[in-house]
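Please read these numbers as outputs of a predicted model, since none were measured by experiment.
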Amino acid sequence: METTSVAQVFLLALLTAVATGIGALPFLFVKGLTRRWLGVSNALASGLMLAASFGLIYEGVAYGLWRALLGVVLGLSFIVLTRTLIQHEEHPVVFAQMGGFDARKALLIVGVMTLHSFTEGVGIGVSFGGGEAFGLFISLALAVHNIPEGLAISLVLVPRGVGVGRAVLWSIFSSVPQPLMAIPAFLFVEIFQPFLPVGLGFAGGAMIWMVFSELVPDALEETSANLVAVVVTFAVAAMVAFQFLIR
Ligand SMILES: [Zn+2]
């Protein structure tokens with residue numbers, strides 16, 4: 001069996017990061033996306049992220065039930081604390097050319113998505129420890145998995161006035177931890193592996209909180225509860241089917 005080089009792992013993990021940017025591309029064809037669409041966009045992002053977070057927790061408990069559940073509690077505590085800190089910030093938050101309320105929200109969402117990529121980077125590195133073919137499979141699956149996540153990020157950014165080019169860059173940015181974490185995890189598999197279920201639970205916990213604290217209330221402000229529920233249901237079903245197909 002050929003040995004996998006560090007450069008190979010890095011390049012594949014970099015590919016997964018770039019794939020996230022593809023999720024922003026549908027906005028090239030959507031003209032006149034105004035705040036009116038914010039409700040539907042937020043509902044769509046809610047469903048995609050909700051299903052993704054359940055996927056993370058399921059994967060975590062498969063590695064280790066209690067460590068994954070500990071991760072959920074840690075992720076939840078972390079995000080609640082972070083939000084409190086952002087809200088008590090005295091200087092106005094400016095992020096991606098947005099100010100005030102929108103900037104805080106966008107910062108939180110891009111932040112959580114970036115955070116969850118650290119664990120996925122570890123996942124790539126550890127998977128290469130199980131052989132080159134397995135690592136390759138996990139990298140490709142993750143690259144495809146990243147596309148709807150880029151879409152979810154762009155659904156939050158673009159209707160708030162961020163250009164498509166910048167949405168592509170922020171989407172890719174959110175996955176930059178994947179190549180960065182894949183290398184140490186690949187080199188030191190034994191050290192990283194026990195923390196993988198904790199990281200997966202952490203990411204899932206933080207994402208579920210974000211859906212119900214930020215995205216759903218936003219969606220409800222702009223559109224009816226009925227429409228929000230319909231869009232979330234379809235988005236969850238689509239994401240679950242998608243995750244099943246790329247397995
Ligand atoms: Zn992900």
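We find the CG-CG distance between L215 and L108 to be 9.0 Å, quoted to the nearest 0.5 Å. For the atom pair L69 CG and L74 CG, the distance stands at 11.0 Å (nearest 0.5 Å). Between the CG atom of D218 and the CG atom of N42 there is a distance of 4.5 Å, given to the nearest 0.5 Å. We find the CG-OG distance between L157 and S41 to be 10.5 Å, quoted to the nearest 0.5 Å. The line from CZ of F186 to OG of S5 is 7.5 Å long, rounded to the nearest 0.5 Å. Note that CZ of F10 and CG of L15 are 12.0 Å apart. Values are rounded to the nearest 0.5 Å.
Looking at every heavy atom in both residues, A182 comes nearest to A13 through CB-CB, 3.8 Å. In terms of heavy-atom proximity, P148 sits nearest to F242 at CG-CE2, 3.5 Å. The minimum heavy-atom distance linking V158 with A167 is given by the pair CG2-CB, 3.8 Å. Minimum interatomic distance between A185 and F192 (heavy atoms only, all atoms of both residues): CA-CD1, 3.6 Å. Closest approach of M207 to S53, counting heavy atoms only: CB-CB, 3.7 Å.
Evaluation of the side-chain contact (heavy atoms from CB on, under 4.5 Å) rule for V189 yields V126, Q193 as partners, not counting sequence neighbours.
You'll find the side chain of S127 stays beyond 4.5 Å of the side chain of F137, heavy atoms only. Side-chain contact between L115 and F78 is present, with heavy atoms from C-beta onward closer than 4.5 Å. Under the 4.5 Å side-chain criterion, counting only non-hydrogen atoms from C-beta, R67 is not in contact with F195. Between E149 and E120, the closest side-chain pair of non-hydrogen atoms falls below 4.5 Å. The side-chain heavy atoms of T20 and S174, taken from C-beta on, include a pair separated by under 4.5 Å. Using a 4.5 Å heavy-atom threshold, the side chains of I57 and I208 count as touching. At least one side-chain heavy atom of L151 sits less than 4.5 Å from a side-chain heavy atom of P26. Within the 4.5 Å cutoff, the side chain of V110 has no heavy atoms near those of the M113 side chain.
In this pair, Y58 and F54 present their aromatic rings tilted. The plane angle is within the 30 to 60° band.
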Exercise. Under the side chain to side chain contact (heavy atoms under 4.5 Å, CB included) criterion, do V176 and T114 qualify, and how do the steps go?
Worked result: CA-CA 8 Å; V176 164; T114 308; over 6 Å; no
For this session: Before giving the answer on side chain to side chain contact (heavy atoms under 4.5 Å, CB included), spell out for F202 and L70 the whole-Å C-alpha distance, their side-chain angles and the decisive distance to 0.1 Å.
Result: CA-CA 8 Å; F202 186 101; L70 171 72; over 6 Å; no
Problem set entry | Step-by-step side chain to side chain contact (heavy atoms under 4.5 Å, CB included) determination, F118 to L180 | CA-CA 8 Å; F118 278 92; L180 295 185; 6.0 Å; no
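With 3.5 Å as the limit, one finds a donor-acceptor pair spanning the side chains of Q178 and N146.
When the options V230, V232, V231 are evaluated for a side-chain contact (heavy atoms from CB on, under 4.5 Å) with V228, the one that passes is V232.
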